[in-house]
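Just so it is clear, the structure is predicted and the values come from calculations on it, not from any experiment. In each ligand, atom 1 is the first atom listed, and ligand 1 is the first ligand listed.
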Amino acid sequence: MAVVVSIDHSLENEISQVFELQKKRAIQLRSAPLRDRISLLNNLEKWILNNRNAIQDAIFDDYRKPIEESGFSEIFPVVSEIRHVKKNLKRWTSDKKIDTPLFLFGSSATIKHEPKGVCLIIAPWNYPFMLLMNPLISAIAAGNTAILKPSEITPKTSALMKKMVSELFEKNEICLFEGGLTTSKFLLSLPFDHIFFTGSTAVGKIVMKAAAENLATVTLELGGKSPTIVDETANIKKSAERIAWGKLINTGQSCIAPDYILVHEKVKHQLVNELKKQINKMYGKGCDQYKHALSFGRIVNENHFVRVQKLTDDAIQKGAKVICSGENDKRTRFISPTILTQVTADMEIMKEEIFGPILPIIEYKHLDEVVDFINERPKALALYVFSKCKKNQEKILLNTSSGTFSINETMVHFSHQNLPFGGINHSGIGKAHGYHGFMSFTNEKSVLKQWSPISASKFLYPPFTHFKKKILDLMIKYF
Ligand code: NAD
């Protein structure tokens, strides 16, 4: 017991020291040249390219994520984000000249992009490399210092990122601390200027409460259930292909995975058959083969395995029909791609984010039911609509609220560098990626310069003479 306490204390001391060093450094960074940020980004890019195999292997060791999947969902988004930032950073950081209203004649105004200061970035396990690196790129781009806390659930990747950060950065600029709940809680007690958190909605609330103590600004990239609608006009083959891919990449453990399907009753049968075909095309000729597919990963740990299995069991017990599934294996944490029909809203699987390869399907008759169903639940991070009918697309777009919205596609909006990425309310606060990520770590400082010998406000200084009252009347009437 005594040993544990002393370890915690030494870690707390180390974190506190680094925090103080970063606070000092953050002030110097405000006036540092842009080329310093670019140089950090260049070093980061080079390290990633030189160590691509080690990164992919670490993620594979953590939860058997296929190497190619890591290539396009962990390495590519990070290097392309770095390149996008480098290309645009000069433009993003330049002062923005602003028009001055007539009644403030004699002054000029600009918006300066100032780094927020010392930032905390907390990441989840489900894209363990990319979800720590992408906010780091935004933090560096905006000129901040940062302390990073990866997930304890993917320890191999976290250890490799720690090595990377210690090789690339001075700890007074960027530093990484591994650890779970206690490390995270201690970090959250420090007065950071900005906290960028990616993880569950439940922990997001804890982070926001902690941030409120210091009035730190927050970006919360959270989760939830992302509905997928397939109407009677949709191209069913293409819909099934894109939904199956989006659902099963990362073994269903993606924050923007299509969580469940609402399908028009007329096309339900056809959609289920196509989904089965597409899953077989991707992962084997039948359910018993999915287990051997090299392109299919595993559930991250036993807790999550049991959780997903329980959700499925509850649904089956309450009347859901299993359309396609293989035998799950607790030892290897394999959960077979599974389609469930005859699903109802009272089943547990419809109450929490699934985060596994299980696809529940609910039928509808009228699109109004779909709109009501979505609006009765917390706002989604992603909403997907498959339809050829513009009127239906528009109806869902305009009558629901979600962080992101895709028509006839799943997942790929994440990699669109010019689109803001993030949720709304329960699915998140604030945005990430490209310019929007840069802005999350930036304070838009308003700068007003008075260059005229007579300030317009002089006309409003007391005493309030008849002349000044007349000026006030004119202002209210005309400006
Ligand atoms: P999580 O919320 O359990 O953990 C995220 C991080 O918070 C980890 O680093 C963890 O150590 C830390 N943490 C956990 N409990 C904490 C507490 N009580 N106090 C302080 N810190 C704590 O999430 P997870 O299981 O790692 O990730 C899965 C969740 O993340 C899903 O809900 C998913 O939808 C969401 N997610 C969202 C996005 C997005 O971009 N919006 C991306 C990926 C994952």
On the 0 to 90° scale, with breaks at 30° and 60°, tag the [X]-[Y] ring pair as parallel, tilted or perpendicular.
X	Y	value
Phe414	His433	perpendicular
Tyr63	Trp125	perpendicular
Phe196	Phe441	parallel

Kindly indicate whether a cation-pi arrangement holds for Lys162 with Phe177, taking the cut-offs as under 6.0 Å to the six-membered ring centre and within 45° of the axis.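 Flagged: Lys162 positioned over aromatic ring of Phe177.
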
Please test Tyr290 against Ser325 for side chain to side chain donor-acceptor pair (under 3.5 Å), starting from the C-alpha separation and ending with a verdict. CA-CA 9 Å; Tyr290 300 154; Ser325 183; over 6 Å; no

How about Lys310: does its NZ atom have over 12 heavy atoms from other parts shown lying under 6.0 Å from it?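 It does not: Lys310 NZ has 12 such atoms or fewer within range.
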
Is Lys185 atom NZ crowded by more than 12 heavy atoms from other residues, nucleotides or ligands, each under 6.0 Å away?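 Not buried by this count: 12 neighbours or fewer within 6.0 Å.
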
Of Asn144, Thr217, Thr145, the residue whose pairing with Lys116 passes side-chain hydrogen bond (donor to acceptor under 3.5 Å, both in side chains):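 That would be Thr217; it is the only one of Asn144, Thr217, Thr145 passing the side-chain hydrogen bond (donor to acceptor under 3.5 Å, both in side chains) with Lys116.
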
For ligand 1, which atoms have a heavy atom of [X] less than 4.0 angstrom away?
X	value
Leu188	20 (C)
Pro150	9 (O)
Thr198	5 (C), 37 (C), 38 (C), 39 (C), 40 (O), 42 (C), 43 (C)
Leu131	42 (C), 43 (C)
Ile122	6 (C), 7 (O), 9 (O)
Phe421	40 (O)
Glu152	10 (C), 11 (O)
Asn126	43 (C), 44 (C)

Contact between Ser151 and ligand 1, counting heavy atoms under 4.0 Å?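 Ser151 counts as a contact of ligand 1 under the 4.0 Å cut-off.
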
Should Phe355 be listed as contacting ligand 1, given a heavy-atom distance under 4.0 Å as the test?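 For ligand 1, residue contact (heavy atoms, under 4.0 Å) with Phe355 is present.
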
Which residue and atom name correspond to the protein heavy atom nearest [atom], and how close is it?
atom	value
atom 39 (C) of ligand 1	Cys255 SG, 3.5 Å
atom 27 (O) of ligand 1	Pro124 CB, 3.2 Å
atom 41 (N) of ligand 1	Leu222 O, 2.7 Å
atom 19 (N) of ligand 1	Leu181 CD1, 3.7 Å
atom 25 (O) of ligand 1	Trp125 NE1, 2.9 Å
atom 32 (O) of ligand 1	Glu353 OE1, 2.7 Å
atom 22 (C) of ligand 1	Val203 CG1, 3.5 Å
atom 12 (C) of ligand 1	Ser184 OG, 3.8 Å

With a 4.5 Å heavy-atom cut-off, do [X] and [Y] have their side chains touching?
X	Y	answer
Phe129	Met161	yes
Leu29	Pro115	no
Val85	Arg37	no
Glu221	Cys255	no
Leu381	Leu222	no

Residue part near ligand 1, for Ile256, under 4.0 Å between non-hydrogen atoms: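 Neither; no heavy atom under 4.0 Å.
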
At under 4.0 Å between heavy atoms, which part of Leu381 makes contact with ligand 1: side chain, backbone, both or neither?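 Under 4.0 Å from ligand 1, Leu381 contributes side-chain atoms alone.
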
Where the closest heavy atom to atom 29 (C) of ligand 1 is concerned, which of Ser254, Ser427, Ser200 has it?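 Result: the heavy atom closest to atom 29 (C) of ligand 1 is in Ser200.
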
Under 4.0 Å from atom 4 (O) of ligand 1, is there at least one protein heavy atom?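 No, there is none.
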
Is there a polar contact, in the sense of an N or O pair closer than 3.5 Å, between Ala123 and ligand 1?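 Yes, since at least one N or O of Ala123 sits under 3.5 Å from an N or O of ligand 1.
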
For ligand 1, which is the ligand I care about here, please tell me if Lys149 has any N or O atom under 3.5 Å from one of the ligand's N or O atoms.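 By distance alone, the answer is yes.
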
I'd like to know if the side chain of Ser402 and the backbone of Ala380 have a donor-acceptor N/O pair within less than 3.5 Å.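 No, the answer is negative, given that no donor and acceptor are paired below the 3.5 Å cut-off.
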
